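Reviewing the structure listed below.
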Amino acid sequence: MKLSGKTALITGSTSGIGLGIARVLAQAGADILLNGFGDPTAALADIGRFGGKVAHHPADLGDVAQLDALFAYAQEEFGGIDILVNNAGIQHVAPVDAFPVERWDAIIALNLSAVFHCTRLALPDMKQRGWGRIINIASVHGQVGSVGKAAYVAAKHGVIGLTKVVGLETATSGVTCNAICPGWVLTPLVQKQIDARIAEGTDPQQAQHDLLAEKQPSLAFVTPEHLGELVLFLCSEAGSQVRGAAWNVDGGWLAQ
Ligand code: NAD
């Protein structure tokens, strides 16, 4: 088992991409600390199948005090974190001059500031052990814009900048920091955007096709498992000199 003896914290892993990444890491032998909203029973059972230790902490990562509680729990229950996957994220779509200020603040707090806070809380322990992996789930929207997504695009560009700095600050150590930039992945976050098209009268199949056709040349969704396998590679010895990178998994979105 490639990751036996390692503990991975995946933020926002009660659904979607985070849960898919947790599954791949658990299968590789890692112990898993899940985080995210909602009833975690199904996610705990899903990850528990692989035989490693698994727990869930419900911290709201938009609240710095709850982040301290999450890392104290990780220390107590798992003896610290070896692999940090900063995945939790939210979206809101509105033109910039009508963007609700409260949504801007919430998106920056979760999609950007929580990545900084989790990184600063995880790093000292990783440095002391001489090994660690920090993997930030950014987005193609960390490299290009789209209308209506001011806060999300600003936060994801920030995550890629932060990834570069942490990659440089850890460059001579056994700790690496990288970002993954997915294109469309069919999760609840994207389903809401498809549902908005359906609500405007588009047929469900057509709504999915149109969403893909606008941006993603492959016309196929990226899956959480594709992303999990890339996380696993970044955790391997072969991934040890990938540092400060932003790696696209986007069906060709950014090649255009
Ligand atoms: P999702 O909505 O399926 O899952 C989000 C997770 O974050 C859930 O577990 C939710 O409970 C958790 N969460 C939400 N607010 C939280 C908070 N304040 N504190 C702690 N946890 C919180 O979304 P997803 O599509 O799986 O997205 C995961 C990440 O991937 C996000 O950072 C997103 O920006 C990024 N991403 C998604 C896509 C896509 O197409 N789905 C593409 C590129 C990047």
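Ligands are counted one by one from 1 in listed order, and the atoms in each one are counted from 1 as well. These numbers were taken from a predicted model, which means no experiment stands behind them.
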Self-check item: ligand 1 to Ile17 polar contact by distance, N or O atoms, under 3.5 Å
Solution: yes
Practice problem: Measure from the side-chain N and O atoms of Arg133 to the backbone N and O of Leu234, and report whether any donor-acceptor pair falls under 3.5 Å. | Solution: yes
Quiz item: Backbone, side chain, both or neither: what part of Ala114 comes under 4.0 angstrom of ligand 1, heavy atoms only?
Solution: neither
Quiz item: Which atoms of ligand 1 have any heavy atom of Trp184 under 4.0 Å away?
Solution: 40 (O)
Quiz item: Should you measure from each heavy atom of Gly89, which atoms of ligand 1 turn up under 4.0 Å away?
Solution: 5 (C), 31 (C), 32 (O)
Quiz prompt | For atom 36 (N) of ligand 1, closest protein heavy-atom neighbour | solution = Tyr152 OH, 3.5 Å
Exercise. Look at atom 31 (C) of ligand 1 and find which of Asn87, Ile137, Leu186 reaches it with the closest heavy atom.
Key: Asn87
Quiz prompt | Atoms of ligand 1 close to Asn35 [distance to a heavy atom under 4.0 angstrom, numbered from 1] | solution = 20 (C), 21 (N)
Quiz item: Side chain, backbone, both or neither: which part of Thr187 comes within less than 4.0 Å of ligand 1 when only heavy atoms are counted?
Solution: side chain
Quiz item: Which pairs, with at least one residue in residues 101-117 and sequence neighbours excluded, count as a salt bridge (Lys or Arg N to Asp or Glu O under 4.0 Å)?
Solution: none
Quiz item: Does ligand 1 have any atom sitting under 4.0 Å from a heavy atom of Gly183?
Solution: yes
Quiz item: Which residue owns the protein heavy atom closest to atom 11 (O) of ligand 1, what's the atom, and how far is it?
Solution: Phe37 N, 2.8 Å
Exercise. Could you tell me the residue and atom name of the protein heavy atom closest to atom 1 (P) of ligand 1, and the distance to it rounded to 0.1 Å?
Key: Ser15 OG, 3.7 Å
Quiz item: Any sub-3.5 Å donor-acceptor pair from His157's side-chain atoms to His141's backbone N or O?
Solution: yes
Quiz item: When only distance counts, is Lys156 in polar contact with ligand 1, meaning an N/O pair under 3.5 Å?
Solution: yes
Quiz item: Nearest protein heavy-atom contact for atom 6 (C) of ligand 1: which residue, which atom, what distance?
Solution: Gly12 O, 3.4 Å
Practice problem: Write out all pairs satisfying side chain to side chain donor-acceptor pair (under 3.5 Å) with one or both partners inside residues 204-217, taking only residues at least two apart or from two chains. | Solution: Ser146-Lys215, Arg197-Glu214, Gln206-Asp210
Quiz item: Can you tell me the protein heavy atom closest to atom 23 (O) of ligand 1 and the distance?
Solution: Leu189 CB, 3.5 Å
Practice problem: Can you figure out which of Leu61, Val140, Asp250 has its heavy atom closest to atom 19 (N) of ligand 1? | Solution: Leu61
Quiz item: For ligand 1, which atoms, with element, lie under 4.0 Å from some heavy atom of Ser13?
Solution: 9 (O)
Quiz item: Which ligand 1 atoms are under 4.0 Å away from a heavy-atom of Val190?
Solution: 39 (C), 40 (O), 41 (N)
Quiz item: Of all the non-hydrogen atoms in the protein, which one sits nearest to atom 40 (O) of ligand 1, and at what distance?
Solution: Val185 N, 2.7 Å
Self-check item: Side chain, backbone, both or neither: the part of Asp60 lying under 4.0 Å from ligand 1 by heavy atom
Solution: both
Self-check item: atom 9 (O) of ligand 1 - nearest protein heavy atom and its distance
Solution: Thr14 OG1, 2.8 Å
Self-check item: Nearest protein heavy atom with distance in Å, relative to atom 43 (C) of ligand 1
Solution: Pro182 O, 3.3 Å
Practice problem: Report the part of Ala138 in contact with ligand 1, treating N, CA, C, O as backbone and CB onward as side chain, heavy atoms under 4.0 Å; options are side chain, backbone, both, neither. | Solution: backbone
